[in-house]
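Take a look at the structure set out below.
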Amino acid sequence: PLGMSLRAWEDVAIALSEHYFVVRWDLPGHGQSNPVAKSKEQLNELDLLNQIIQICAALEIKKFHYAGTSIGGMIGQQLAIHYPDKLLSLTLTNTGAKIGTNEAWLQRKKDVNNKGLTTMSEAIVTRWFSPKTISANPQIKIDWQQRLSNTDDHSYGLLCAWLGQRDHCNVLKPCSFPMNFVAGKDDVATPPDLVRELAYLLGNNDVIQLSGVGHVPSVEAPASMIK
């Protein structure tokens, strides 16, 4: 998800690596990835998708299973649109064919540029997790606030603008490969109805809804994701 890192998939990746070759990567300016150059004023529509294609080409991976949350789910939708023959399966969690409004994302970008992610980290991270998750593990909020604070402001802002421009509602179509859709019942960013709409556009009506989970099931309920 936007503002997170590959560590959001850590527990799931460890479990899956017993049976699969698992690849994770960080968004630009997140985690271990280099930030976007300050001179670059916008991300092109397929910039993030092309990163995945390049990584797979370098690793000589021709077909793969893909799982993505939120913005990662948006990139997964692009795979279904542009590279369906590469997908063995597609798992999309807490995402939608369109997330939010362009105006709201541009405002987020403006706020980040003016205030910085360190200042905004508490408000943003609070929206990621359900009250149940934070009550059971208060440290999770503190840890992810620190990681978000270390994220590059400029890269984050460009990703906000990129998200605001994405609308797959009229280009998605039913696919033949296996698909899984997961929603968090307490997700305020991409609520279950948004995931159901996405599933419908891809020709699927089966959405797994996780109780007591917010925006990031791979962190909040990794055992459910492994199933």
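For the single chain, residues carry numbers from 1 onward in sequence order.
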(Q) Quick one, Leu48 with Leu159, criterion side chain to side chain contact (heavy atoms under 4.5 Å, CB included). Give me CA distance, side-chain angles, the key distance, then yes/no. (A) CA-CA 10 Å; Leu48 304 177; Leu159 288 163; 3.7 Å; yes
Output the distance between atom [atom1] ([X]) and atom [atom2] ([Y]), rounded to the nearest 0.5 Å.
X	Y	atom1	atom2	value
Gln145	Glu122	CD	CD	5.0 Å
Leu87	Phe177	CG	CZ	4.5 Å
Ile140	Ser135	CD1	OG	12.0 Å
Lys98	Leu163	NZ	CG	9.5 Å
Met179	Asp206	CE	CG	10.5 Å

[X] side-chain N/O to [Y] backbone N/O, donor-acceptor pair under 3.5 Å:
X	Y	answer
Asn44	Leu46	no
Ser130	Gly212	yes
Asn204	Ala199	no
Ser155	Pro35	no
Lys63	Asp85	yes
Asp26	Leu6	yes
Gln107	Glu103	no

Count the heavy atoms of every other residue, nucleotide or ligand shown that sit under 6.0 Å from [atom1] of [X], and state whether that count exceeds 12.
X	atom1	answer
Arg7	CZ	no
Asn170	CG	no
Phe64	CZ	yes
Gln139	CD	yes

Taking side-chain contact (heavy atoms from CB on, under 4.5 Å) as the definition, give me every residue that meets it alongside [X], ordered by chain and number, with sequence neighbours left out.
X	value
Ile134	Phe129, Lys141
Thr119	Lys115
Lys38	Asp152, His154
Ala189	Arg127, Asp187, His215

Tell me whether [Y] is reachable from [X] by hopping between hydrophobic residues (I, L, V, M, F, W, Y) whose side-chain heavy atoms are closer than 4.5 Å.
X	Y	result
Val23	Ile52	yes
Val195	Leu90	yes
Tyr66	Ile55	yes
Val188	Trp144	no
Leu198	Met74	yes

Q) Going by side-chain heavy atoms closer than 4.5 Å, which hydrophobic residues are tied to Leu106, directly or by a chain of links? A) none
Q: Kindly give the cluster partners of Ile14, where membership spreads through any ILVMFWY side chain lying under 4.5 Å from a current member.
A: none
Min side-chain heavy-atom separation [X]-[Y] under 4.5 Å:
X	Y	value
Glu10	Arg24	yes
Gln51	Pro28	yes
Leu2	Ser70	no
Met225	Thr93	yes

Closest heavy-atom contact between [X] and [Y]?
X	Y	result
Leu210	Pro217	CD1-CB, 3.8 Å
Leu148	Ser121	CD2-CA, 3.6 Å
Ile71	Pro1	CG2-C, 3.9 Å
Leu172	Gln77	CD1-OE1, 3.7 Å
Glu197	Cys169	OE2-SG, 4.1 Å
Arg108	Met120	CD-CE, 4.0 Å

Restricting to salt bridge (Lys or Arg N to Asp or Glu O under 4.0 Å), what partner residues turn up for [X], sequence neighbours left out?
X	value
Lys40	Asp47
Asp11	none
Glu45	none
Arg166	none

Q: Begin with the C-alpha distance, continue with both residues' side-chain angles, and end with the deciding distance and a verdict on side-chain hydrogen bond (donor to acceptor under 3.5 Å, both in side chains) for Thr95 and Thr190.
A: CA-CA 6 Å; Thr95 189; Thr190 53; over 6 Å; no
Q | Pairs touching residues 67-124 that satisfy ring-ring contact (aromatic ring centres under 6.0 Å, His included), sequence neighbours left out | A | none
Q: Sorted by first residue and then second, give each ring-ring contact (aromatic ring centres under 6.0 Å, His included) pair with at least one member in residues 4-42; sequence neighbours left out.
A: Tyr20-His65
**Q.** side chain to side chain contact (heavy atoms under 4.5 Å, CB included) between Ile53 and Leu79, intermediate numbers included
**A.** CA-CA 9 Å; Ile53 299 304; Leu79 281 168; 4.1 Å; yes
(Q) Working note: Lys109 + Leu158, criterion side chain to side chain contact (heavy atoms under 4.5 Å, CB included); need CA distance, chi angles, decisive distance, verdict. (A) CA-CA 7 Å; Lys109 177 186 177 185; Leu158 293 184; 4.1 Å; yes
Q: Decide, yes or no, whether a salt bridge links Arg196 with Asp193 under the criterion of side-chain N to carboxylate O below 4.0 Å.
A: yes
Q: Tell me, with the steps shown, if Leu202 and Phe181 meet side chain to side chain contact (heavy atoms under 4.5 Å, CB included).
A: CA-CA 10 Å; Leu202 285 165; Phe181 299 90; 3.8 Å; yes
